[in-house]
Amino acid sequence: MVSDFLFTMKRTHTCGELVKKDVKKKVVLQGWVHKRRDHGGIIFIDLRDRYGLTQIVFDPKHEKKTHELADTLRREDVIEVEGKVRPRPKTMINKKLHTGEIEVIINRLDILNKAATPPIEVDDYKVANDDLRLRYRYLDLRRPMMQKFFIARHKATMAARNYLASQNFLEIETPFFVKSTPEGARDYIVPSRVNPGQFYSLPQSPQLYKQLLMVAGFDRYFQVVRCMRDEDLRIDRQPEFTQIDIEMTFAEQDDVLAAIEGTVKAIFKEAIGKNIKIPFKRMPYKESMDKYGTDKPDLRFGLELTEITEEAKESDYGIFKGAIKNKGIVKCIRVPVELSRKQIDDLTKFAQKFGAKGLSWMRITKKGPESSIVKYFGKKVLDKILKKAKAKPGTSLLFIADKPSIANDVLARIRLKFGEDLKLYNPKDHNFAWIVDYPLFEWNDEEKKWDPMHHIFSMPKKECLKYMDTDPGKVLASLYDLVLNGVELGSGSIRNHDPTLQEKSFKIIGLKKAEAEQKFGFLLEAFKYGAPPHAGFAIGYDRLVALMLGFLDIRDVIAFPKNKAAQCPMDGCPGPVEDQHLKDLNIKLDMPKKKK
RNA sequence: GCCUGAGUGGUUCAAUGGUAGAAUCUCUGACUGUCUAUCGGAGGGUUGCGGGUUCGAAUCCCGUCUUGGGCGCCA
């Protein structure tokens, strides 16, 4: 850490940089009183700034008046001190601190600002509850741990920018006031005063704009960009969040994946010094669904699922046969323990919570499979199932017979539960994977129509074009997701730059020509004038940084996040506005009456 | 909208239906080598709020508010 940048300032060093070689230097430090250890005579204070802690010493024998003033110091006072660096006695070296070999003996103390007693402690040992942390965020952010997170985030952002710039990507800003497209997530909207009755939307992503930048010939674009979605919050979902958004012209899928892999590698290297192996594993969507029941599998552990629909047909078990008759499947997971009755009861409740009708099970003991359903299976079929699922003594099988979506979802959740409960993985691992070859369309059973699985502007794979008219469910696209430890980190695709093909896609999802024209006309028009093939990706950046640092809560890497109700306990937003303000916008409130 | 957990000194937590405690913090005393200093003393509580049951409620019941996690939602 070099302090050249301080040359115009009164302080000569930060609180994180003085080491043995600085001994005898006369220094001026500024910072916050972190901890105070008063020995009656000598007083030690840990002086804190974002760079670290430095122990400063007030000795009555050294400078009596300064020592008396130091006696009045309390935590979080802001002070300036002048003194001399000296080595600590050998037995008093603090190995936990970078500055632990030295201390500064102080002869001058200026109290720059006394602090009122803080309502929460600025201390990583005792963290206040979420509400207070957000209410006094500026104090919470002073904690060394939080500062570390934001320093890491900054380094990560710089690494991404540098890497992408080195690969010829240009950072170009796209608008925040955009046209509303009422599909997918709910938009935040902003009234336009100069266009009465009209609204802007805040973007959920710069998707269409970055594609237009490709039409404009910028070749490679990126942006570290805020996106907004008016949906309910989760531990890894905030109403505004950051994406690293990229788009590339004349690029194949491998080019985009390589660009993202390079970015992620640079981020981990620069921010936490970790070398990540690239390229990441690639797994087709279908394989992921078959093996893990989800398109965002946590690959830090095994516990793969086994489908036994065919075998189940040969049984006399009514529940399995009934489900199969109903277009369902039978799938199971083998867990490496003999489950107790109580565990099975709990798992059944767990499964029902997520829509399963029930949970069938077999416990494999040394004597063979034990379960009330064993009797419905002939020995041959039973052996086939046990072999297929690799069920050995000391394991158990859990079966779900249901619609594929439910069987997969529930088993995927059970798999995660066992992975966590049995500690089948190292929580510090970072296991990246690409899920590729997604279907372009997904059947919406409730509305009896095709929905885009991800992104309607994606290019169908060449070999699938023949199914566009006959069987849209079979159409795979060059659509890819990045997954880290079971968390979706982003998605992208090769875009559809062919207007005719795009119209076909719209038609399949039931978007009428006029409607498409109204919503995306500007994009379709642009595509007429020489749109190059292009592809892109967007990384959920808050999630990436949080997972990189070893946790899931993205609020710890967002300086001023919202609470679960999308409010900020610090400034109190959202709040009402003045009547005149609403009048200027021609807006009248029509609030529902509160229930009594 | 639904499910589930929490709400007790400033803060973090404890307390079988029977005197609300501890640590930290604040103030204060002692102490010249600590490093989340240590050792004493003091201060600090309408147990979120409103009802109810009970001789007696932090504890049980009902309602309500705040907050965490999840489901729905997030193409």
Side-chain angles (χ1 to χ4, degrees), chain A residues 34-48 53-62 67 71-72 74-76 86 88-97 99-100 103 105 115-136 139-140 144 181-187 204-205 207 227-239 241 349-350 352-355 409 413 438 440-442 444 447 449-458 479 488 491 493 505 509-511 519 540 552-553 555 563-565 567 569 594-596:
Chain A
H34 186 60
K35 285 272 158 37
R36 174 167 153 270
R37 295 179 291 277
D38 182 349
H39 287 253
I42 201 161
I43 297 173
F44 298 104
I45 281 175
D46 289 333
L47 192 63
R48 187 194 71 237
L53 296 174
T54 296
Q55 173 164 290
I56 59 176
V57 186
F58 296 90
D59 190 333
K61 277 193 210 158
H62 182 76
H67 176 269
D71 208 36
T72 68
R74 291 298 178 269
R75 59 200 181 102
E76 300 309 310
R86 69 186 193 191
R88 295 196 192 191
K90 235 181 199 163
T91 50
M92 298 303 159
I93 287 171
N94 186 346
K95 285 180 181 163
K96 281 189 261 177
L97 290 183
T99 61
E103 62 193 11
I105 176 76
T117 303
I120 62 174
E121 290 175 41
V122 180
D123 193 337
D124 293 328
Y125 294 97
K126 192 159 96 185
V127 179
N129 76 41
D130 291 278
D131 192 34
L132 284 168
R133 285 181 64 195
L134 293 187
R135 167 113 172 67
Y136 301 102
L139 296 180
D140 186 51
T181 52
E183 307 222 332
R186 215 172 277 118
D187 290 331
Q204 300 175 26
S205 90
Q207 183 62 38
C227 304
M228 295 82 162
R229 290 181 190 174
D230 185 6
E231 294 291 347
D232 285 2
L233 290 79
R234 289 287 186 279
I235 196 158
D236 59 354
R237 269 170 30 193
Q238 281 276 309
F241 58 99
K349 273 181 210 149
F350 180 82
Q352 282 168 340
K353 205 172 121 189
F354 296 105
D409 180 53
R413 289 178 194 275
Y438 275 80
L440 187 51
F441 306 103
E442 184 176 35
N444 181 336
E447 294 176 45
K449 68 184 192 73
W450 291 102
D451 281 341
M453 187 131 182
H454 265 72
H455 181 327
I456 192 61
F457 300 104
S458 301
L479 259 167
E488 185 192 321
S491 56
S493 67
S505 283
I509 63 164
L511 194 62
K519 283 179 181 166
L552 203 58
D553 190 344
R555 286 174 304 189
N563 68 11
K564 216 198 165 199
Q567 305 154 337
K594 274 192 182 170
K595 282 179 210 165
K596 277 192 180 172

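If you're wondering where the values come from, they're calculated on a predicted model, not measured in any experiment. Note on naming: letters A, B, ... go to the chains in the order of the sequence lines (proteins, then strands), and numbering restarts at 1 for each one.
For the C1' atoms, the distance linking B:A57 with B:G52 amounts to 11 Å, nearest Å. Here the separation of B:U8 from B:A14, taken at their C1' atoms, is 9 Å to the nearest Å. Using C1' as the reference atom, B:G33 and B:U38 are 12 Å apart when rounded to the nearest Å. B:G7 and B:C61: their P atoms are spaced 14 Å apart (whole Å). Comparing the C1' positions of B:C65 and B:U26 gives a spacing of 30 Å, expressed to the nearest Å. Distance noted for atom P between B:G72 and B:C2: 16 Å (whole Å). As rounded to the nearest Å, B:C25 and B:A37 have C1' atoms that lie 16 Å from one another. Taking atom C1' in both B:G17 and B:C60, the straight-line distance is 8 Å, to the nearest Å.
Counting only heavy atoms from C-beta on, A:Ala128 has its side chain closest to B:U11 among B:C74, B:U11, B:U67. For A:Glu103, counting side-chain heavy atoms from C-beta on, the closest listed nucleotide (B:G68, B:G72, B:U34) is B:U34. Considering only side-chain atoms of A:Gln204, the nucleotide from B:U24, B:G33, B:A75 that sits closest is B:A75. With B:A23, B:C35, B:G69 as the candidates, the nucleotide lying closest to the side chain of A:Gln55 is B:C35. With B:G72, B:C25, B:G68 as the choices, the nucleotide that has an atom nearest any side-chain atom of A:Arg413 turns out to be B:G72. In the set B:C35, B:U67, B:U36, B:C35 carries the atom at the smallest distance from any side-chain atom of A:Asp46. Distances from the side chain of A:Tyr125 to the nucleotides B:U12, B:U36, B:C74 place B:U36 closest. For A:Arg555, whose side chain is taken as the heavy atoms from C-beta onward, the closest listed nucleotide among B:U36, B:G69, B:C25 is B:G69. For A:Arg237, the side-chain atoms get nearest to B:C74 when compared with the rest of B:C74, B:U34, B:U12. Comparing B:U34, B:G68, B:G10 by their closest approach to the side chain of A:Arg37 singles out B:U34.
RNA chain B is contacted by both A:Arg234 and A:Gln567; A:Gln567 maps to the nucleotide lying nearer its 5′ end (nearest heavy atom per residue). Mapped onto RNA chain B by nearest heavy atom, A:Val57 and A:Arg75 fall at different nucleotides, with A:Arg75 at the one closer to the 5' end.
Not a single donor-acceptor pair, N or O on each side, falls under 3.5 Å between the base of B:G10 and the side chain of A:Arg135. For A:Lys126 against B:U36, no side-chain N or O and base N or O form a donor-acceptor pair under 3.5 Å. For A:Asn129 against B:G68, no side-chain N or O and base N or O form a donor-acceptor pair under 3.5 Å. Side-chain N/O atoms of A:Lys564 and base N/O atoms of B:G69 include a donor-acceptor pair closer than 3.5 Å.
Between the P atom of B:U24 and the NZ atom of A:Lys35 lies a distance of 11 Å, rounded to the nearest Å. The nearest whole Å value for the distance from the CD1 atom in A:Ile56 to the P atom in B:U34 is 18 Å. Note: CG (A:Leu479) to P (B:A75) measures 13 Å, nearest angstrom. The interatomic distance linking A:His34 (NE2) with B:C35 (P) rounds to 14 Å, in whole Å. Atom CG of A:Asp236 is separated from atom C1' of B:C73 by 14 Å (rounded to the nearest Å).
Here A:Cys227 contributes atom SG and A:Gln207 contributes atom CD; the two are 10.0 Å apart, rounded to the nearest 0.5 Å. Rounded to the nearest 0.5 angstrom, A:Arg229 CZ and A:Asp187 CG are separated by 10.0 Å. Note that the CG atom of A:Leu47 and the CZ atom of A:Arg36 stand 14.0 Å from one another [nearest 0.5 Å]. Taken from CG in A:Leu552 to CZ in A:Arg234, the straight-line distance is 12.5 Å, to the nearest 0.5 Å.
For A:Arg74 and B:U28, the shortest distance from a side-chain N or O to OP1 or OP2 is below 4.0 Å. Considering only side-chain N and O atoms, A:Lys96 lies under 4.0 angstrom from the phosphate OP1 or OP2 of B:U36.
Heavy atoms of A:Asp38 sit under 4.0 angstrom from at least one base atom. Within the nucleic acid shown, A:Pro119 comes within 4.0 Å of sugar-phosphate atoms alone, with no base atom in reach, counting heavy atoms only. The residue A:Leu97 sits apart from the nucleic acid: no heavy atom pair falls under 4.0 Å. Within 4.0 Å of A:Arg86, counting heavy atoms only, lies at least one base atom of the nucleic acid. Note on A:Asn94: a base of the nucleic acid sits closer than 4.0 angstrom, heavy atoms only.
Using a 4.5 Å heavy-atom threshold, the side chains of A:Asp123 and A:Lys35 count as touching. By the 4.5 Å heavy-atom criterion applied to side chains, A:Gln204 and A:Glu231 are not counted as neighbours. Between A:Ile509 and A:Lys449 there is no side-chain heavy-atom pair separated by less than 4.5 Å. Contact annotation: the side chain of A:Ile43 approaches that of A:Asp71 to within less than 4.5 Å [non-hydrogen atoms, C-beta and beyond]. The shortest distance between side-chain heavy atoms of A:Arg135 and A:Ile120 does not fall below 4.5 Å.
For RNA chain B, the stems formed by at least three consecutive Watson-Crick or G-U pairs, with both atom-pair distances below 3.5 Å, span B:1-7 with B:65-71, B:10-13 with B:21-24, B:25-30 with B:38-43, B:48-52 with B:60-64.
A stacking contact links A:His39 to B:A37: the aromatic ring centre lies within less than 5.5 Å of the base's six-membered ring centre, and the planes differ by less than 30°.
Of the possible polar contacts, none joining the A:His62 side chain to the A:His67 backbone as a donor-acceptor pair under 3.5 Å is found.
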